[in-house]
**Student:** 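First the structure, which I've put down as structure tokens, then a few questions once you've had a look.
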Amino acid sequence: MAASQPLYERIEKQLRRRLEGAADGDPFPSESQLAQEFDVSRMTARAALVRLARDGLLERVPGRGSFVRQAAAARPVGTLLSFHDQALALGRTPRSRVLQAAVRPASPQEVAALYPAFGTQPASVVAISRVRFFDDLPVAIEHAAFPAALDALLTADLETGSLHQTLRRLGLHPTLGSAVLTARTADDDAPELDVDPTTPMLVETRSIIDQHGNPLEYTSSSYVAHRYALKVDFSVAAPPDTPHAPRGGGGDAVSRPA
């Protein structure tokens, strides 16, 4: 090993080897513990931890410590897959903490998505807001809205159950959706997600229709970016002067609710 290599980089390399045998969610030594173990200053130990966190290998939670993080769970954007079903497919236990479950006045965006024939007329929606978890790891905050006639959803199991399964029991099958992806920081949602307010968030705003082509759901889900990812498959467009070249990619975001 080169003698000129900074001490924190040498420590970082040793910690990376240690992480190879760790499981997602395992607690990781603190700055003070690492400083004592390697006989260095806390500043040097902090520099090594920061680089690991930057690469998504560690998550540093204020007031709680550092935790091992494996690769973010990835969902193909062209698949209508519920959060609940994705968690089970990954071998995780899906659960939720309910923030709101009530019938309330619809926002203009909800009216446009769920009651397109109403124009600007007042309407109500079944609003269900939840923090979504893989095991005990908070992954997303979800704000879902449904037509007011679906108030039976309010009596469903909103903590461990699947809203999609409930909709199917009501005879409504989520069939097709579209989504818009944006980004923001955690801000006021940070305490619910156990992250810093500056943590990047991936926001998916989606509309779902049922098997009859009727509006069924309008939802905004904000995912902690280093805990959740979207996988896009696409084709590569040929130059414009190429005969019969396909135009554009195949990565249209067909979404899923939870």
**Student:** Output the distance between atom CG (Leu172) and atom NE2 (His212), rounded to the nearest 0.5 Å.
**Tutor:** 6.5 Å
**Student:** Is there a side-chain contact between Leu163 and Leu158 (heavy atoms, below 4.5 Å)?
**Tutor:**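 They are in contact (side-chain heavy atoms under 4.5 Å apart), so the answer is yes.
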**Student:** Give me the atom names and distance for the closest heavy-atom approach of Asp188 to Pro191.
**Tutor:**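 Distance-wise, the nearest heavy atoms are O-CD, 3.3 Å.
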**Student:** When you look at Arg16 and Glu12, which way does the salt bridge (Lys or Arg N to Asp or Glu O under 4.0 Å) test go after all the steps?
**Tutor:** CA-CA 6 Å; Arg16 284 180 183 273; Glu12 176 196 350; 2.8 Å; yes
**Student:** In terms of relative ring orientation, are Phe134 and Tyr228 parallel, tilted or perpendicular, with 30° and 60° separating the classes?
**Tutor:** tilted
**Student:** Side chains of Asp210 and His173, heavy atoms from C-beta outward: is any pair under 4.5 Å?
**Tutor:**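 No; the side chains remain at least 4.5 Å from each other.
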**Student:** Counting only heavy atoms from other residues, nucleotides and ligands, does the tally under 6.0 Å from CD of Gln36 exceed 12?
**Tutor:** no
**Student:** Do Pro138 and Arg97 have side chains that get closer than 4.5 Å, going by heavy atoms?
**Tutor:** no
**Student:** What I'd like to find out is whether the side chain of Leu193 reaches to under 4.5 Å of the side chain of Thr199, using heavy atoms alone.
**Tutor:**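 Side chain of Leu193 against side chain of Thr199, heavy atoms only: no contact under 4.5 Å found.
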**Student:** Which heavy atom of Ala35 sits nearest to which heavy atom of Ala45, and what is that distance?
**Tutor:**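 Reported closest heavy-atom pair: N-CB, 3.9 Å.
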**Student:** Quick one: do Tyr8 and Phe38 end up in the same hydrophobic cluster if we chain Ile, Leu, Val, Met, Phe, Trp and Tyr together by side-chain heavy atoms under 4.5 Å apart?
**Tutor:** no
**Student:** Measure across Gln33 and Pro29 and return the closest heavy-atom pair with its distance rounded to 0.1 Å.
**Tutor:**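 Looking at all heavy atoms of both residues, the shortest contact is OE1-CA, 3.2 Å.
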**Student:** Linking I/L/V/M/F/W/Y whenever their side-chain heavy atoms sit closer than 4.5 Å, directly or via other members, would Phe83 and Phe133 fall into one cluster?
**Tutor:** no
**Student:** Working note: Ile128 + Leu154, criterion side-chain contact (heavy atoms from CB on, under 4.5 Å); need CA distance, chi angles, decisive distance, verdict.
**Tutor:** CA-CA 8 Å; Ile128 299 174; Leu154 298 176; 4.2 Å; yes
**Student:** At their closest point, which heavy atom of Pro197 faces which heavy atom of Thr185, and how far apart are they?
**Tutor:**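 Closest pair (atom of Pro197, atom of Thr185, distance): O-CB, 3.5 Å.
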**Student:** Can you tell me how far apart CG (Leu58) and CG (Asp26) are? Round to the nearest 0.5 Å.
**Tutor:**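 Interatomic distance, Leu58 CG to Asp26 CG, rounded to 0.5 Å: 11.0 Å.
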**Student:** With rounding to the nearest 0.5 angstrom, report the CZ to CG distance, Arg95 to Asp136.
**Tutor:** 5.0 Å
**Student:** State the CD1-CG distance between Ile208 and Leu176, to the nearest 0.5 angstrom.
**Tutor:**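 Taking CD1 in Ile208 and CG in Leu176, the distance rounds to 7.5 Å.
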**Student:** Rounded to the nearest 0.5 Å, what separation is found between the CD1 atom of Ile209 and the CD atom of Glu217?
**Tutor:** 12.5 Å
**Student:** Any side-chain to backbone donor/acceptor pair from Asp196 onto Thr198? Under 3.5 Å, distance only.
**Tutor:** yes
**Student:** Does any part of the side chain of Pro215, heavy atoms only, come nearer than 4.5 Å to the side chain of Pro147, both counted from C-beta?
**Tutor:**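 Of all side-chain heavy-atom pairs linking Pro215 with Pro147, none is under 4.5 Å.
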**Student:** Where is the tightest heavy-atom contact between Arg130 and Gly161, given as atom of each residue plus distance?
**Tutor:**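 Distance-wise, the nearest heavy atoms are NH1-O, 4.2 Å.
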**Student:** Any side-chain heavy atom of Phe146 within less than 4.5 Å of one from Leu167?
**Tutor:** yes
**Student:** With rounding to the nearest 0.5 angstrom, report the CZ to CG distance, Arg42 to Leu34.
**Tutor:**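 Separation between the atoms: 10.5 Å.
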**Student:** Under a single-linkage definition using a 4.5 Å side-chain heavy-atom cutoff for Ile, Leu, Val, Met, Phe, Trp and Tyr, are Leu52 and Ile11 assigned to the same hydrophobic cluster?
**Tutor:** yes
**Student:** Is it possible for you to say whether Leu99 and Tyr223 belong to one hydrophobic cluster, with membership spreading through side-chain heavy-atom contacts below 4.5 Å?
**Tutor:** no
**Student:** Set out, in order, the CA-CA distance, both residues' side-chain angles and the distance that settles side-chain contact (heavy atoms from CB on, under 4.5 Å) for Thr205 and Gln109, then state yes or no.
**Tutor:** CA-CA 11 Å; Thr205 303; Gln109 293 82 3; over 6 Å; no
**Student:** Run Val103 and Val126 through side-chain contact (heavy atoms from CB on, under 4.5 Å) and show every step you take.
**Tutor:** CA-CA 4 Å; Val103 176; Val126 174; 4.2 Å; yes
**Student:** Output, in order, the C-alpha distance, side-chain angles, deciding distance and verdict of side-chain contact (heavy atoms from CB on, under 4.5 Å) for Ile141 and His143.
**Tutor:** CA-CA 7 Å; Ile141 286 189; His143 302 287; 3.4 Å; yes
**Student:** Under 4.5 Å between any side-chain heavy atoms of Arg169 and Gln165, yes or no?
**Tutor:** yes
**Student:** Any link between Val203 and Tyr218 through a network of hydrophobic side chains (Ile, Leu, Val, Met, Phe, Trp, Tyr) touching at under 4.5 Å?
**Tutor:**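 No: no chain of side-chain contacts under 4.5 Å links Val203 to Tyr218.
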**Student:** Is there a donor-acceptor pair under 3.5 Å between the side chain of Glu110 and the backbone N or O of Ser107?
**Tutor:**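 Checking the backbone N and O of Ser107 against the side chain of Glu110, a donor-acceptor pair under 3.5 Å is found.
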**Student:** List the atom of Tyr115, the atom of Ser124, and the distance in Å for their closest heavy-atom pair.
**Tutor:** OH-O, 2.7 Å
**Student:** Can a donor-acceptor pair be found between the side chains of Arg132 and Ser96 at a distance below 3.5 Å?
**Tutor:**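 The criterion, which ignores hydrogens and geometry beyond distance, is satisfied for Ser96 and Arg132.
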**Student:** So, do Leu7 and Arg10 sit near enough that their side-chain heavy atoms are less than 4.5 Å apart?
**Tutor:** yes
